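Below is one structure, written out as structure tokens; comments come after it.
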Amino acid sequence: MKGKIENLPRHIGFIMDGNGRWAKQRGLPRLAGHRAGAENLRRVLRACGEWGIKYVTIYAFSTENWGRPKEEVEGLLNLLDQYIDKELPELVKEGVQVRHIGRMDGVPERLQEKIRQAVEATKGNERLILCVAFNYGGRAEIVDAVRKIIAKGYKPEEIDEDLISSHLYTAGIPDPDLIIRTAGEMRLSNFLLWQSAYAEYYSTPVYWPDFDEEELYKALLDFSRRERRFGLVKEG
Ligand code: FPP
């Protein structure tokens, strides 16, 4: 960890892109890139914990990712399964609370159960809240929120931004201050659409498996120098 930084984000969202390109660069199968990406998660989470970041959301599998080749989809599902087996004791020990954001339908029953176990085993933890966006889509999340609100019988005049926020998968979690995307893309790709309305966006060409402590430091430093106005004008 480098020198002190004022103005750290409270919540960071990571779009962990570039695993495939990382693997290709090395003549490896795409899944080897995802495995390296999962390994890297441990490093980044530890660094976030050291910086005192309270909330981290990772984009692990989008609703669009089902369209990838079957072998890759199965590989990604297995990876989460293995990740939970391998990392859960450490997450518990380190005070990480795991939350799942996304739809459960479509996820194999066995994996659903594993995810529920990880959520249950860590629910008392408070040091770092890790939201795992798995089978997640920002538009689907808004659709699901609207359905819940209608099912509860709210009247049109009762609907406001707070009501919608409190029916999203992220209910109770503050909006992200910073979205970091690796591998150079300049898109949100359906990630935290509602919640990132005022988030700062940071893109780096570095592929996710290579995004290390130094890269995180650069992103945090960049964030700390931004002037966030939330649609207002600068005072004075
Ligand atoms: C994008 O890289 C990455 C994903 C679709 C999956 C992200 C998953 C991980 C980092 C590991 C999984 C972690 C857990 C906990 C399951 P890409 O394949 O689009 O890369 P490319 O754009 O270079 O092809």
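Everything quoted here is computed from the prediction, not taken from an experiment. As the structure lists them, so they are numbered: ligands from 1, and atoms in each ligand from 1. Heavy-atom basis, side chains included; hydrogens, waters and symmetry copies ignored.
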_Distance (rounded to the nearest 0.5 Å) between T63 OG1 and N65 CG_ = 8.0 Å
*Is Y59 in polar range of ligand 1, meaning some N or O pair under 3.5 Å apart?*
no
_ligand 1 versus R30: contacting region, heavy-atom distance under 4.0 Å_ = side chain
_Contact between ligand 1 and A183 is defined here as a heavy atom of the residue under 4.0 Å from a ligand atom; is it met?_
no
_Counting only heavy atoms closer than 4.0 Å, does ligand 1 sit against the backbone of N40, its side chain, both, or neither?_
neither
*asked:* Side chain, backbone, both or neither: which applies to W208 and ligand 1 if a contact is any heavy-atom pair less than 4.0 Å apart?
replied: side chain
*Q82, H34, E64, E87: member with heavy atom nearest to atom 4 (C) of ligand 1*: H34
*asked:* Under a 4.0 angstrom heavy-atom cut-off, which atoms of ligand 1 come close to N65?
replied: 5 (C)
*asked:* Between R110 and E113 (salt bridge meaning N to carboxylate O under 4.0 Å), is one present in this structure?
replied: no
*Quick one: which ligand 1 atoms are inside 4.0 Å of a heavy atom on L80?*
15 (C), 16 (C)
*Just let me know how R68 lines up against ligand 1, side chain, backbone, both or neither, with a heavy-atom cut-off below 4.0 Å.*
side chain
*Just let me know how L41 lines up against ligand 1, side chain, backbone, both or neither, with a heavy-atom cut-off below 4.0 Å.*
side chain
*Side chains of L41 and W208: closer than 4.5 Å at any heavy-atom pair?*
yes
*Could you tell me whether the side chain of E94 reaches within less than 4.5 Å of the side chain of L128, counting heavy atoms only?*
no
_As an exercise, identify every atom of ligand 1 less than 4.0 angstrom from a heavy atom of M16._
1 (C), 2 (O), 3 (C), 9 (C), 10 (C)
_Nearest-option assignment for atom 2 (O) of ligand 1, heavy atoms, candidates G18, S62, A36_ = G18
*Between A60, G37, G20, A23, flag the one that comes closest to atom 7 (C) of ligand 1 by a heavy atom.*
A60
